[in-house]
Amino acid sequence: MRVIPIAASAGITGFESPAAEYLQLGLSLDEILIQHPSSTFIGLAQGESMQGVGIYDGDLLIVDRHETARNGDVIVANFNGEFVCKILDMHRRMLMSSNEQHLPVTICDYDDFSIEGVVIRSIRCHRQSPLLISKKG
């Protein structure tokens, strides 16, 4: 993989050609983004409840089952048969959204709840990948 060492700000009007100099590293995106390959899966974020932590509808979530969930972690959980991405509040036994329009959810003893993994990274696709388009028919 070739990594082009440029820092570009959002308001950039021009910069030197990135092809002028580049650094070649023996790394893959898998090695950079995934720490525990055998216990990691990728999910697709849906909805607006996690925008406050930078997770938007359509983002890819890299979820690590090897990591132990800690208070304040963003997790993927099975909550009463539905997969959810929320902030874990262990002290109050709640699942928190990072969008004020979504209320916290209390985890009660009668709920079917299991943590599926900790979200260690999220990736935003600025163009939709053909691999992520659901095939109908």
Side-chain angles (χ1 to χ4, degrees):
M1 172 190 338
R2 294 180 180 144
V3 177
I4 300 171
I6 59 169
S9 64
I12 144 179
T13 58
F15 54 89
E16 287 185 37
S17 169
E21 291 183 36
Y22 63 86
L23 175 65
Q24 185 161 346
L25 299 176
L27 295 176
S28 71
L29 284 176
D30 288 350
E31 292 171 332
I32 294 170
L33 299 174
I34 298 173
Q35 295 170 294
H36 307 105
S38 63
S39 59
T40 299
F41 66 92
I42 296 176
L44 188 62
Q46 294 180 328
E48 301 174 349
S49 70
M50 297 302 289
Q51 289 181 352
V53 293
I55 297 174
Y56 293 85
D57 188 62
D59 285 358
L60 297 175
L61 304 176
I62 300 177
V63 184
D64 193 334
R65 291 176 181 246
H66 180 79
E67 293 292 326
T68 301
R70 298 185 299 231
N71 190 57
D73 277 344
V74 176
I75 62 163
V76 170
N78 186 330
F79 184 71
N80 295 325
E82 182 179 349
F83 282 101
V84 296
C85 176
K86 299 291 177 191
I87 299 167
L88 180 62
D89 184 336
M90 297 175 98
H91 304 301
R92 298 185 297 166
R93 292 186 45 95
M94 298 182 93
L95 297 173
M96 312 292 292
S97 296
S98 65
N99 181 332
E100 294 176 359
Q101 296 178 355
H102 297 266
L103 297 174
V105 176
T106 301
I107 305 166
C108 299
D109 290 336
Y110 56 81
D111 285 317
D112 182 16
F113 175 76
S114 62
I115 296 173
E116 298 299 321
V118 177
V119 176
I120 58 167
R121 317 254 190 282
S122 63
I123 301 170
R124 180 153 313 115
C125 296
H126 295 276
R127 286 191 180 180
Q128 191 171 30
S129 168
L131 298 174
L132 298 175
I133 298 171
S134 64
K135 294 179 172 91
K136 297 179 183 176

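Starting from 1, each residue takes its place in the sequence as its number. Atom set for the values below is all heavy atoms of this structure, side chains included, hydrogens, waters and symmetry mates excluded.
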- Report the C-alpha separation of Asp64 and Arg121 in whole Å, then their side-chain angles, then the decisive distance to 0.1 Å, and conclude whether the side-chain contact (heavy atoms from CB on, under 4.5 Å) test is met. CA-CA 9 Å; Asp64 193 334; Arg121 317 254 190 282; over 6 Å; no
- Message: Using side-chain contact (heavy atoms from CB on, under 4.5 Å), reason through Met96 and Val53 one step at a time and then give a plain yes or no.
- Response: CA-CA 11 Å; Met96 312 292 292; Val53 293; over 6 Å; no
- Task: Check the pair Leu33 / Ile123 against side-chain contact (heavy atoms from CB on, under 4.5 Å), numbers first and verdict last.
- Result: CA-CA 10 Å; Leu33 299 174; Ile123 301 170; 3.7 Å; yes
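For the pair Asn78 (side chain) and Ser114 (backbone), a donor-acceptor distance under 3.5 Å is absent.
A single hydrophobic cluster is seen to contain both Leu29 and Ile42, as judged by linkage of ILVMFWY side chains at heavy-atom distances under 4.5 Å, directly or through other members. Residues Val118 and Val74 are members of separate hydrophobic clusters, defined by side-chain heavy-atom contacts under 4.5 angstrom among Ile, Leu, Val, Met, Phe, Trp and Tyr.
Applying the salt bridge (charged side-chain N to carboxylate O under 4.0 Å, His left out) test to every pair with at least one member in residues 77-90, sequence neighbours left out, gives these pairs: Asp89-Arg92. The list of ring-ring contact (aromatic ring centres under 6.0 Å, His included) pairs with a residue in residues 75-94, not counting sequence neighbours, is empty. For residues 50-63, the side-chain hydrogen bond (donor to acceptor under 3.5 Å, both in side chains) pairs, not counting sequence neighbours, are Asp59-Arg124.
Residues that satisfy the salt bridge (Lys or Arg N to Asp or Glu O under 4.0 Å) test with Glu116, not counting sequence neighbours, are Arg65. Under the side-chain contact (heavy atoms from CB on, under 4.5 Å) criterion, Asp30 pairs with Ser28, Ile34, not counting sequence neighbours. Scanning for side-chain contact (heavy atoms from CB on, under 4.5 Å) contacts around Ile115 gives Ala69, Ile75, Leu88, Phe113, with sequence neighbours left out.
Between the CE atom in Met94 and the SG atom in Cys108 there is a gap of 9.5 Å [rounded to 0.5 Å]. The distance from the CD atom of Gln35 to the OG1 atom of Thr40 is 8.0 Å, given to the nearest 0.5 Å. The structure places CD1 of Ile62 at 13.5 Å from NE2 of His36, a figure rounded to the nearest 0.5 Å.
Using a 4.5 Å cut-off on side-chain heavy atoms (C-beta onward), Leu103 and Ser97 make no contact. Side-chain contact between Leu44 and Leu60: present, with at least one pair of heavy atoms (C-beta onward) separated by less than 4.5 Å.
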